[in-house]
Amino acid sequence: MRRRIGLATLGRVYLALVLMFLYIPILVMAVMSFNASQFYTLPIDWSLRWYEALSGNSKLLNAGFNSIVVAVVTTAIASTLGTAAAIAFFRYEFRGKQVLQLLLFPPIAIPWLITGTAMLLFFFWAGIGRGLHAMVLGHVALALPYVIIVVSARLKAFDPDLEAAARSLGASPAQVVRHVTFPFIAPGFIAAALFAFAVSFDQFVISYFLAVPGVSTLPVEIYTAIRKGFTPEINAISTIVIVFSMTLLVGVARYYRFGGER
Amino acid sequence: DTIRVLNWQGYGTDEDWSVEAFEKKTGHEVVHDYFNSEQEMLTKLRTNPGTYDVVLINSAYTPQAAEEGLIEPIDTSTMENVEDLAPDLRNSPYLVIDGKTYGVAWVWGVTSYAINTNDFETAPTSIEELWSPKHEGKVGWRDDAVEAVQIAAIATGQKINDPSDFDAIREKLRALKPQIRTFWTSENEWNQYMSSGEFELSTYWSGSASRSKNNFGLPVEFVIPKEGAIGWLDGLSIAKDAPHKEAAKQFIDWMIDPEFYVKWDTDVGAPASANTKAIGELAEDAFNRQVMGKAAESGKLQFMGPIDDTVRQKMLELWQETKTYYQN
Amino acid sequence: MASVSVRGVSKLFGSFKALDDISIEFADGGFYGLLGPSGSGKTTLLRLIAGFDFPDSGEIEIGGEPVGALPAEKRDIGMMFQSYALFPNMSVFDNVAFGLMVRNTARAEIVRRVGEALELVRLTGLDDRKPHQLSGGQRQRVALARAIVFHPRVLLLDEPLSALDKALRVGMQVELKRIQREIGITTIFVTHDQEEALTLSDRIGVLRDGRLVQEGAPKEIYDRPESAFAATFLGDANLFRGRANGDGVVLADGSRMRTADAPGKADEEVVCAVRPERIEVVPADGPADGEGNMLDATVSEAIFAGNSMTYLASWQDQTVKVIAQNRGAEPFEAGARVRLVWRPADTVVVTP
Amino acid sequence: MASVSVRGVSKLFGSFKALDDISIEFADGGFYGLLGPSGSGKTTLLRLIAGFDFPDSGEIEIGGEPVGALPAEKRDIGMMFQSYALFPNMSVFDNVAFGLMVRNTARAEIVRRVGEALELVRLTGLDDRKPHQLSGGQRQRVALARAIVFHPRVLLLDEPLSALDKALRVGMQVELKRIQREIGITTIFVTHDQEEALTLSDRIGVLRDGRLVQEGAPKEIYDRPESAFAATFLGDANLFRGRANGDGVVLADGSRMRTADAPGKADEEVVCAVRPERIEVVPADGPADGEGNMLDATVSEAIFAGNSMTYLASWQDQTVKVIAQNRGAEPFEAGARVRLVWRPADTVVVTP
Amino acid sequence: MTVAASTEAGSSAKARRGEARRIAVLTGPAYLWLAVTVFLPISAMLYFSLLSEAPIAGRVGQFTLENYQAFFDKAFYQSLMLRSLRLGAEVSFYCFLFGFPCALVLAKVVKGRWREAMFLLVIIPFWSNALVRIFSWTMVLRGNGILEQFLNAVIPGFGGLDLMFTYPAIVIGLVHSYLPYMILTCYISLQAIDDDLIEAARSLGASRWTILTRILLPLSMPGIVAGAVLIFVPVIGSFMEPRILGGRNGTFIGTVIEDQFTAVFNWPLGAALSFILLGCVLIIFAAFHPILRRAAR
Ligand SMILES: Nc1ncnc2c1ncn2[C@@H]1O[C@H](COP(=O)(O)OP(=O)(O)OP(=O)(O)O)[C@@H](O)[C@H]1O
Ligand SMILES: Nc1ncnc2c1ncn2[C@@H]1O[C@H](COP(=O)(O)OP(=O)(O)OP(=O)(O)O)[C@@H](O)[C@H]1O
Ligand SMILES: [Mg+2]
Ligand SMILES: [Mg+2]
């Protein structure tokens with residue numbers, strides 16, 4: 001009901017421009033997947049050749065499937081553990097808290113390459129070995145700082161009295177979280193989960209070190225494919241992934257509001 | 001059995017038709033795992049003992065792998081095609097250590113540069129072409145310390161495996177500053193840059209150049225300059241405690257089989273085979289038969305050998321320093 | 001359902017002493033009013049009892065058991081927050097149902113009891129609204145309903161009715177008292193409404209700067225305030241300074257005033273308090289009653305306040321406040337010379 | 001500084017009509033009290049005037065100019081929110097200074113005026129606290145100081161003193177009124193405190209369910225309520241139903257009651273209202289005054305309320321409320337037979 | 001936070017223990033996980049960084065500080081470090097500059113279903129492969145690429161930009177990759193700001209700009225800081241984007257560290273360089289800590 005149509009409209013236009021910026025490479029990627037030329041030369045020679053090639057490429061498809069599985073599991077674990085830790089940081093004041101918060105930096109500050117090498121060595125030494133399980137182990141660790149930092153940022157705006165109120169009504173700590181704290185941090189949680197998913201789904205380095213031959217993920221396939229030839233097949237599968245996730249998320253959004261109330 | 005091969009992706013061993021043919025012939029299946037750098041390959045061998053059967057190792061690294069116990073000596077007596085390998089390659093001191101064969105010579109190639117024939121009327125003959133002001137901002141260069149230093153070593157007339165005058169190399173590399181368009185890291189990238197006209201000429205590998213030409217139809221020609229070029233030899237080795245040694249040996253044997261090689265080189269594009277019989281079966285005008293053959297004879301090639309860790313570190317630092325210098 | 005004992009409790013915020021060695025007993029099933037100026041520590045005390053904060057020293061017992069280690073959710077206390085603290089993501093119904101839900105009450109029972117509670121606070125029909133769609137007073141009532149619906153053993157109400165209009169407030173007071181009686185919940189409530197405190201409470205505690213200054217039955221505190229502060233804070237009071245003299249006080253101008261109880265040692269400085277409604281305004285030539293206390297003054301202001309008139313009368317350099325019920329008689333006007341009359345029994349000696 | 005005219009304003013929330021064709025004039029420099037039950041639309045009206053929401057129909061003028069297109073920040077209106085809406089990131093000082101800062105007031109001037117404002121609301125010394133470190137009443141006072149410190153031309157106060165104790169509230173009322181007089185700010189304030197509304201306001205408007213039911217000077221509304229609602233909402237009232245008859249009313253039991261004004265057409269059903277404090281309780285055998293109205297009743301409850309006693313007396317099947325000032329005389333006890341007496345002039349005919 | 005702060009002082013020993021248990025239950029799993037998968041392996045790396053050679057495959061390294069010394073001896077390491085820090089700061093800043101208004105519009109202007117839809121649209125590009133995205137950028141940015149063609153179509157005679165293989169190209173690519181972080185973290189903070197506060201500020205006469213700088217920015221500071229951390233930290237260690245988009249201008253500390261691992265087998269030096277990088281990050285955050293703490297309250 002704002003009367004100031006001017007500024008609001010300007011804002012929407014701006015939003016649209018930013019989205020355009022975000023989608024430039026995505027569009028290029030999608031368009032190129034329909035270009036017959038292997039080296040993305042222009043003008044475009046429309047063709048479905050790379051989709052055909054893709055349908056026969058079980059390796060890439062399997063890798064895509066693995067990626068989704070690993071990313072979903074990672075997201076579930078990382079967002080749960082990370083949110084729990086963020087809530088503890090919000091609720092309690094205790095010795096060592098700052099140290100714990102500082103410890104979130106190494107996983108994001110040290111290049112993944114080094115973390116990956118270190119993980120490989122350590123997992124080998126500890127008998128954890130490689131494989132999808134090892135990837136999940138690694139991905140969760142990388143996603144945790146994102147989740148904790150993002151959820152904490154949201155919690156800064158939370159009124160502790162709401163938790164107090166719920167407790168006075170007899171809610172157990174778990175119930176407080178479930179009915180009061182969580183609904184408030186839901187937007188942060190969702191953002192964190194999306195981050196976690198993205199971190200895992202797009203994670204190359206760690207996966208690369210932790211993949212066993214024959215069982216790899218999409219990014220690993222893409223990276224290793226580079227040497228041979230970065231075929232638009234990869235554009236094709238990336239396009240499919242994007243379209244798929246768009247439909248999925250838009251479907252979810254229809255039935256679930258996570259922009260918060262108000 | 002299912003054998004596990006560790007190699008660069010798209011480097012011969014994983015050609016679908018070849019794997020199929022091998023399976024039909026021997027009943028063994030082939031699974032691949034890939035690496036993106038030699039260091040990675042070594043790391044994978046170290047951390048996965050008993051996983052791999054066949055591994056491709058640049059002969060410059062074979063002694064190190066052998067010394068670390070990552071690979072096993074190979075009894076080549078049962079391999080049919082070994083006899084046809086060029087003797088100097090087969091008995092390269094990098095592959096045969098203390099009389100034991102740690103790697104079977106597979107293919108060899110040259111690192112030098114390739115040109116976009118559209119930009120040249122006549123092919124250049126000198127390595128100095130890379131430094132020519134004519135190509136300012138149009139030169140491609142691989143972002144690899146050892147290769148960069150070695151090319152500069154050739155341009156300054158030094159030994160590639162242990163250059164003596166690093167200052168000269170530094171100067172030579174710094175002089176490249178105006179020339180370089182960008183660095184490339186993979187064959188695919190190279191092809192893209194070439195096809196989109198970013199490069200007029202660029203450092204490259206002989207085998208890849210023939211792939212670019214044959215497989216992708218790019219207007220590319222490989223140059224072996226008169227000052228010399230870097231030669232390299234890739235061998236196939238058997239990993240320590242390989243689970244399927246026999247099958248591995250059969251696979252290596254298949255890899256040096258002329259039947260495989262001729263198809264690989266003509267249909268896809270390949271480096272030069274170490275198997276003289278295989279080279280002989282190529283078409284008369286094949287690059288690997290003509291140019292490479294001559295290059296091999298001319299003695300212009302300096303083969304890559306093991307590089308001392310301290311020298312390697314020095315090369316890397318020099319290169320990193322140079323790259324820092326390149327920046328505006 | 002449970003008594004609450006607060007024993008020597010202090011609470012610091014940094015170096016600021018919000019509560020200072022407070023001890024009170026809240027009897028089982030009692031209705032306890034907590035009064036005090038803004039910032040005197042009322043909310044802080046309730047938070048300690050509820051278990052959201054912990055005292056820096058002292059102990060709290062509920063139902064005879066120390067609760068130092070008992071987390072808030074196990075104390076079975078219903079607290080209504082001054083800021084309401086309604087759950088923004090839940091509807092009115094869900095807010096009220098929360099305490100029942102976490103106790104695993106059957107759905108039908110929840111519906112019934114929430115319905116009752118909403119009826120009690122006159123919000124039937126707003127079940128599905130979210131808190132941000134409610135008016136201030138409606139929010140407050142939701143908070144109240146939420147705190148009482150699950151029949152806690154102790155009920156802490158922080159200004160439960162402050163945002164309500166008079167009519168609604170009185171209605172709520174009656175309901176509150178009824179429920180409290182029926183279920184016997186020990187109730188401690190903070191209020192700034194004098195009348196509310198006096199009419200509802202069994203006992204009243206008056207806080208000031210984190211200390212308990214007086215505690216007792218409403219009438220006791222009202223009629224016999226111990227301190228000038230208590231006298232002026234709970235109800236109005238005119239204070240007269242003078243020196244003790246026998247059963248009375250000698251004021252500055254030499255006139256004598258008789259007091260309810262003999263004021264301390266002779267010649268000691270004392271203060272006595274007289275409630276404005278105990279003073280009668282009569283015309284200046286009205287009859288002088290030898291027994292009563294009496295001052296001649298001038299009306300400086302006459303203020304209409306609905307059911308009563310408030311007169312400010314000047315006597316010496318002091319202003320005396322008098323409240324006269326509006327019975328329709330012609331009020332005195334500003335400037336009128338009047339005589340103020342009251343009984344010695346209404347003159348209470350207090351600490352300054 | 002500026003008058004405010006509200007003309008035929010309506011406001012819908014979904015299908016719910018929060019304001020229904022409201023028209024009021026707020027005179028320049030006036031002090032206007034807005035009353036009404038919880039949820040009647042008071043806050044909504046203030047929000048429309050402040051410019052946070054826009055009416056679905058009708059118009060608002062400030063200082064004679066329509067403000068439909070004027071954004072809130074250009075209206076120069078100080079608004080105090082019912083929920084305070086203090087900036088949580090700013091100290092008390094910065095909160096109060098905000099309105100001055102955005103007006104580019106010189107630093108020294110800001111310090112001076114904020115200091116004054118904080119003194120006014122008795123918060124000197126808390127300058128550096130953040131809102132979450134304040135008690136409820138302290139927060140409310142910060143909100144008040146913030147709204148007035150920059151001397152807006154119109155001041156909208158939504159229950160500005162509800163969280164304050166009596167003493168502080170009275171102090172604030174005086175200050176508020178003083179400032180408002182000095183600067184002449186047109187002030188519209190919402191309150192639930194009857195006395196506050198009656199003593200402070202120049203005029204009062206009473207809202208009910210989004211409609212303006214009566215508007216006028218306090219004494220006018222109090223003495224001559226137009227409707228039963230207005231009578232009971234502002235102050236207390238006993239309602240008697242009967243049939244018009246000459247200059248009076250005949251009640252159900254056949255007794256006559258004389259009214260202030262003649263009640264409409266003969267034999268029409270009418271309601272008349274009598275304020276409890278206008279009724280005198282006398283012993284059952286008290287003198288019968290032929291002029292006055294009179295009922296014989298039984299005290300059913302006698303409630304102590306500080307400066308007064310409240311009696312509930314049963315008469316027929318109706319309960320009559322009477323307020324008697326506490327003058328120390330022995331009160332009547334429950335069960336006593338009494339006579340209730342009041343003047344015809346205090347019997348006001350109202351619409352039901 | 002006051003609740004928690006005061007809890008410390010007075011709670012009885014038992015309540016304290018209960019609290020310690022809850023903290024352990026809540027933070028334990030996450031940190032246990034991190035310990036096993038990151039801290040222990042990284043500690044091994046830290047140990048390697050103090051050796052002359054990585055002690056694997058039968059080699060033995062001597063204890064040495066040489067690897068750290070190298071950073072201080074070789075000026076180019078330091079200049080690369082500065083360059084990386086600058087890149088991190090610039091990318092964070094641009095992300096904030098472009099992302100914050102976007103988050104603001106999302107949180108305060110767009111309503112209802114649209115908001116959810118936009119929110120998702122922001123995150124989805126994230127799910128495509130980073131390398132593929134960067135390659136797409138090369139097609140957009142390169143000479144006579146999509147961008148130049150577009151500009152020339154819109155403004156005839158616009159000419160060439162030649163952005164490819166320049167520092168700005170790296171910044172564009174990185175800003176694109178990390179913009180969603182900033183938008184989302186700012187959004188979740190902005191969305192939690194009560195509209196009442198904005199209205200209060202408006203009634204006090206605050207212009208849009210004042211509301212932005214005095215209310216919205218300070219109150220969303222936790223989100224901004226979180227976003228900046230999540231951008232700054234990975235960007236200074238990034239190597240892929242600079243390599244591909246920067247060409248010969250693409251050398252940063254991240255690429256140098258990568259080289260130590262992939263090109264030469266000098267893990268100790270690579271590890272030492274990354275710990276120096278980590279050290280820089282920590283020093284920077286320590287230096288800004290008072291400001292960040294105040295801002296993020
Ligand atoms: N956003 C909304 N959506 C739906 N209904 C609303 C909304 N805001 C207010 N209302 C309703 O409009 C009516 C008027 O609300 P308003 O806040 O003006 O009441 P009020 O007179 O200020 O009451 P109180 O004294 O309790 O503060 C109430 O019944 C309320 O429930
Ligand atoms: N977190 C805090 N930090 C510092 N001081 C605080 C904090 N919380 C409360 N205080 C101070 O403690 C004192 C008591 O606060 P409390 O909330 O108990 O007052 P109150 O009696 O409830 O007042 P009100 O009637 O205004 O609500 C106040 O002076 C307040 O400023
Ligand atoms: Mg309080
Ligand atoms: Mg309201």
Side-chain angles (χ1 to χ4, degrees), chain A residues 1-2 79 83-84 86-95 97 150-151 153-193 252-262, chain C residues 43 46-54 62 70-91 94-105 114 117 129-133 139 142-158:
Chain A
M1 272 310 221
R2 290 275 148 82
S79 30
T83 303
I87 289 176
F89 288 153
F90 165 73
R91 250 193 227 162
Y92 306 106
E93 211 57 57
F94 52 95
R95 229 177 304 133
K97 179 167 147 181
V150 170
V151 173
R154 174 75 181 185
L155 273 170
K156 292 262 164 57
F158 183 65
D159 179 2
D161 267 0
L162 292 179
E163 282 198 343
R167 293 175 63 201
S168 80
L169 294 170
S172 67
Q175 285 172 319
V176 171
V177 168
R178 176 157 156 236
H179 297 292
V180 179
T181 320
F182 186 77
F184 179 84
I185 55 177
F189 178 85
I190 301 247
V252 169
R254 277 189 66 86
Y255 298 103
Y256 182 59
R257 308 193 86 196
F258 45 80
E261 301 303 329
R262 249 187 266 148
Chain C
T43 300
L46 294 194
R47 291 179 63 90
L48 294 187
I49 296 173
F52 305 135
D53 276 342
F54 295 92
I62 299 177
L70 204 61
E73 62 270 23
K74 301 253 173 70
R75 294 192 181 185
D76 196 23
I77 286 182
M79 168 134 178
M80 177 184 164
F81 288 71
Q82 198 169 6
S83 60
Y84 315 154
L86 296 182
F87 306 129
N89 53 307
M90 296 184 202
S91 66
D94 290 341
N95 262 284
V96 178
F98 192 87
L100 296 170
M101 185 206 65
V102 299
R103 285 175 174 72
N104 296 319
T105 314
V114 172
R129 294 257 188 100
K130 288 283 173 73
H132 70 98
Q133 297 174 313
R139 281 179 215 178
V142 175
L144 180 59
R146 185 177 71 176
I148 59 179
V149 72
F150 63 100
H151 298 170
R153 47 181 192 157
V154 179
L155 193 56
L156 307 175
L157 305 174
D158 204 345

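Each chain gets a letter, A, B and so on, in the order its sequence line appears, and its residues count up from 1. Heavy atoms only: backbone and side chains are in, while hydrogens, waters and symmetry mates are out.
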For this session: Search all heavy atoms of A/A165 against all heavy atoms of C/R146 and return the closest pair with its distance.
Result: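 For A/A165 versus C/R146, the nearest heavy atoms are CB-NH2, 3.5 Å.
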Problem set entry | Shortest non-hydrogen contact from C/G51 toward A/R167 |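 Shortest heavy-atom contact: O-NH2, 4.2 Å.
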Exercise. Among C/I77, C/L156, C/V149, C/D76, which residue forms the greatest number of heavy-atom pairs with chain A at distances under 4.5 Å?
Worked result: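 Ranked by contacts with chain A, first place is C/I77.
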Problem set entry | Pick from C/A143, C/A85, C/P71, C/S83 with the largest number of heavy-atom pairs that fall under 4.5 Å of chain A |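 Most heavy-atom pairs within the cutoff with chain A belong to C/A85.
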For this session: Nearest 0.5 Å please: distance from the CG atom of A/L169 over to the CE atom of C/M79.
Result: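 Separation between the atoms: 11.0 Å.
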Exercise. Which distance, rounded to the nearest 0.5 Å, do you find between the CZ of C/F81 and the CG of A/D161?
Worked result: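 Between C/F81 CZ and A/D161 CG, I get 5.0 Å after rounding to 0.5 Å.
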By a 4.5 Å heavy-atom criterion (distance strictly below it), what part of [X] contacts chain A: side chain, backbone, both, or neither?
| X | result |
| --- | --- |
| C/R103 | side chain |
| C/L100 | neither |
| C/M90 | side chain |

For this session: In sequence, state the C-alpha distance, the side-chain angles, and the governing distance for A/H179 and C/M101, and then conclude on side-chain contact (heavy atoms from CB on, under 4.5 Å).
Result: CA-CA 11 Å; A/H179 297 292; C/M101 185 206 65; 3.2 Å; yes
Exercise. Just wondering, do A/F184 and C/N89 contact through their side chains at under 4.5 Å, heavy atoms?
Worked result: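 Of all side-chain heavy-atom pairs linking A/F184 with C/N89, none is under 4.5 Å.
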